[in-house]
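Order of listing sets the numbers, starting from 1, for every ligand and every atom in it.
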Amino acid sequence: MTFDNKDFDLLRKDLEHASHAPGYIYSSPEVLKREIEEYFMRDWLYVGRVEEIPNPGDYLAMRIVDEPILLARAADGTIGAFYNMCLHRGVEIAQGSGNTRTFKCPYHGWAYDLKGNLRGAAHMEDAAGFTPRNCKLREVRFDTWKGNMFVSFAKEGPGLLEQIGALDQDFAFLQMENCRLGNKVVMELGCNWKLVHENVMDFYHVPVLHAKTLGTYFEWKDEDVKLNANGGMSIWYENGTQTPDGKTLFARMPWLKDRDPTFACTGFMPPNFSLFGRIDNARVVVAWPISESRSLVIFYQLFPEEVFAMPDFTERLEVYREYSKVVIGEDQSMIESMQKAMGSRNFVPGRMCTQEKPLHHFLNGYARRIFPIHEERA
Ligand code: FES
């Protein structure tokens, strides 16, 4: 398949004259490979909350963009991120999550401590020049922002704070570091990873598709969309919280006491971090590509520490969880239908609505990264 930079000419026009992006950016395996190299192997990526591994010995293993990684909290409380590949033949030394003092490779038994140091390698005495104590799992760059964990596969480059700077400036007041994970919903969707993020920044569809759910309490103005570097953005608007009547079942976050009850905000940092603020909670949405037409989507919903002590906390939390599932279900059928169109040889990108300012900005940032105009790529 050949790609032509001219395919993006209509997207590159100003919003009033622009059209959407070519379907192949959502349906081509070659494009996904390019995105993985240009985006996912270079940028900081969201991988979870620090409270998912709160104690020494806690670990979390995951496969992201075909790279197995392992996050582990050592005895001194620090968190390290490693390639989850045994130094012998590459088998994953840990699966899922849990607590341990040692990682033992299930294949030939090489053992590692929580900082990734090789502590034992059976029958390797005769391997000339091999010194286990000098061996360590390869590290992945790791950093945190407001209780959120990020990794970068790039050996060097900008630090996390440099990449997340605009969101740090705009949304530090949400105090996500003083929140705790309440709901975590993991699901696979039959769509390209970009359609997940595009959907959550697409305010044009909210009053229509979500007329009976979150569209009931929704109000936004074009001037409240702030466009950040690299296709990122910060948006402020009005919305209820994620309950059927839009009213909180808990209380306002203590640091949002002065805000209107319909306060709402959304932030996006490419490639995989969308955040949301409401009067009583903060939320993160992450989308990982499984293939060009399939994504693993994870929703993290955070609440201030004190509400976890409420006697009926679990029941109330369940209301938020179920409500989110209803809204996600409404979106799922739309974005999976869109995905089918993106793979059709007869799809022609349509004109953009001026209410699609966030998408226009994201897709233009994307095109600059993945289909740079100065370079003819085939
Ligand atoms: Fe791990 Fe052999 S692959 S010990």
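You'll find the ring centres of Trp236 and Phe173 outside the 6.0 Å limit.
Residues Leu214 and Tyr323 share a closest heavy-atom pair of N-OH, 3.1 Å.
Only protein atoms were considered; those of element N, O or S under 2.8 Å from atom 2 (Fe) of ligand 1 number 2.
Under the rule for a side chain to side chain donor-acceptor pair (under 3.5 Å), the partners of Arg316 that lie at least two apart in sequence or sit in another chain are Asp312.
Among residue pairs with one or both ends in residues 62-73, those qualifying as side-chain hydrogen bond (donor to acceptor under 3.5 Å, both in side chains) are Arg63-Glu92; sequence neighbours excluded.
With a 4.5 Å cut-off between side-chain heavy atoms of Ile, Leu, Val, Met, Phe, Trp and Tyr, the cluster of Val348 takes in none.
A side-chain hydrogen bond (donor to acceptor under 3.5 Å, both in side chains) with Gln301 is found for exactly one of Arg278, Gln242, Arg283, Arg321, namely Gln242.
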